[in-house]
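Scroll down for the structure; my scribbles are underneath it.
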Amino acid sequence: MAGKVFFSVSMSLDGFIAPESMEGFLATPEQREQDPRLERWMAQWMELQAWMFPQRFFRENLKLGEGGEEGRDNEIARETFERTGASVMGKRMFDGGEQAWPEEAPFHTPVFVVTHEKRDPWERPGGTTFHFVNDGIESALDQAREAAGDRDVRIAGGGATILEYLNAGLIDEFSIALSPVLFGSGIRLFEGVDAGRVALEPVRAEPSPRVTHLTYAVRER
């Protein structure tokens with residue numbers, strides 16, 4: 001039995017999943033120190049993802065050392081990882097991650113990158129292999145489904161790639177970690193969504209001390 005196709009993101013209360021540009025993510029510490037705009041980008045990003053950093057599973061997966069929190073936030077982070085048999089991402093997300101991820105990338109499964117670039121698979125220690133798909137989002141998803149077997153496929157991001165899959169009717173379910181922060185501007189998760197086609201069915205809402213986890217099934221309207 002094939003698994004679900006889902007995405008899981010952190011989002012600010014005013015609907016943003018990232019600051020306006022990826023420049024801050026790609027900048028060096030020295031560049032951020034010299035440019036307050038880049039420093040602000042990183043501060044916003046860290047604030048949005050702050051619920052994740054203390055979790056024991058996050059620390060284990062990135063080999064940041066022992067310890068960490070073990071409550072419901074930690075369980076959700078682990079469950080999301082364990083259900084994922086393969087991931088799909090856009091080229092912009094990959095470009096940022098290629099610079100930022102440790103040598104042992106944190107996926108530990110096949111990852112299919114939607115891109116126009118032709119490139120041989122890139123194998124990393126720990127079980128992550130990046131495959132570069134040149135013939136569209138459906139081809140990338142088909143390959144990810146085959147690789148995942150009976151586990152789920154995660155559309156990892158970024159926002160434009162998630163929206164493309166959502167508008168194409170290819171998402172079964174998604175989860176949002178709603179963080180108590182406000183951005184004012186940035187990358188909106190649902191900017192350009194085909195609201196006439198996409199209907200949502202609440203699955204569960206789980207508050208934690210740090211965020212509220214919201215899960216929805218996606219139905220065609």
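Computed from a predicted model, the values in this text were never measured in an experiment.
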What distance do [X] atom [atom1] and [Y] atom [atom2] have between them, rounded to the nearest 0.5 Å?
X    : Y    : atom1 : atom2 : value
L141 : I155 : CG    : CD1   : 5.5 Å
F107 : F130 : CZ    : CZ    : 5.0 Å
F94  : W122 : CZ    : CH2   : 5.0 Å
L166 : F7   : CG    : CZ    : 5.5 Å

### Query
Within a strict 4.5 Å, meaning less than it, do heavy atoms of the T109 and T128 side chains meet?
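Sidechains of T128 and T109: no contact.
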
### Message
Using a 6.0 Å cut-off, check whether atom CD of E117 has over 12 heavy atoms from anything other than its own residue.
### Response
yes

### Query
Is the CD atom of E138 crowded by more than 12 outside heavy atoms at less than 6.0 Å?
no

Partners passing side chain to side chain contact (heavy atoms under 4.5 Å, CB included) against [X] (at least two apart in sequence or in another chain):
X    : value
F81  : F57, N61, H108
A168 : I137, L170
T129 : P121, E123, H131
E201 : A217, R219

### Message
Listing request: all ring pair (Phe, Tyr, Trp, His ring centres under 6.0 Å) pairs with a residue in residues 191-221, at least two apart in sequence or in separate chains.
### Response
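Of all non-adjacent pairs touching residues 191-221, those that pass ring pair (Phe, Tyr, Trp, His ring centres under 6.0 Å) are W51-H213, F174-Y216.
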
### Message
Taking ring-ring contact (aromatic ring centres under 6.0 Å, His included) as the definition, give me every residue that meets it alongside F183, ordered by chain and number, with sequence neighbours left out.
### Response
none

For [X], side chain to side chain donor-acceptor pair (under 3.5 Å) partners two or more places apart:
X    : answer
E98  : R119
D172 : none
R56  : E70
R83  : D152, E173

#### Entry: Nearest heavy-atom neighbours spanning L48 and I17
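Closest approach of L48 to I17: CD2-O, 3.3 Å.
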
### Query
What are the two closest non-hydrogen atoms of V88 and A144, and how far apart are they?
CG2-CB, 3.7 Å

Closer than 3.5 angstrom, by distance alone: can the side chain of [X] be matched with the main-chain N or O of [Y] as a donor-acceptor pair?
X    : Y    : value
R124 : E104 : no
R92  : G159 : no
D73  : V211 : no

salt_bridge([X], [Y]) N-O dist < 4.0 Å:
X    : Y    : result
E69  : R59  : no
R197 : E220 : yes
E75  : R78  : no

### Query
Is there any side chain to side chain donor-acceptor pair (under 3.5 Å) pair reaching into residues 175-191, and which pairs are they, with sequence neighbours excluded?
E20-S185, S175-T215

### Message
With salt bridge (charged side-chain N to carboxylate O under 4.0 Å, His left out) as the rule and sequence neighbours excluded, what pairs involving residues 154-169 come up?
### Response
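As it turns out, there is no salt bridge (charged side-chain N to carboxylate O under 4.0 Å, His left out) pair with a partner in residues 154-169 once direct neighbours are skipped.
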
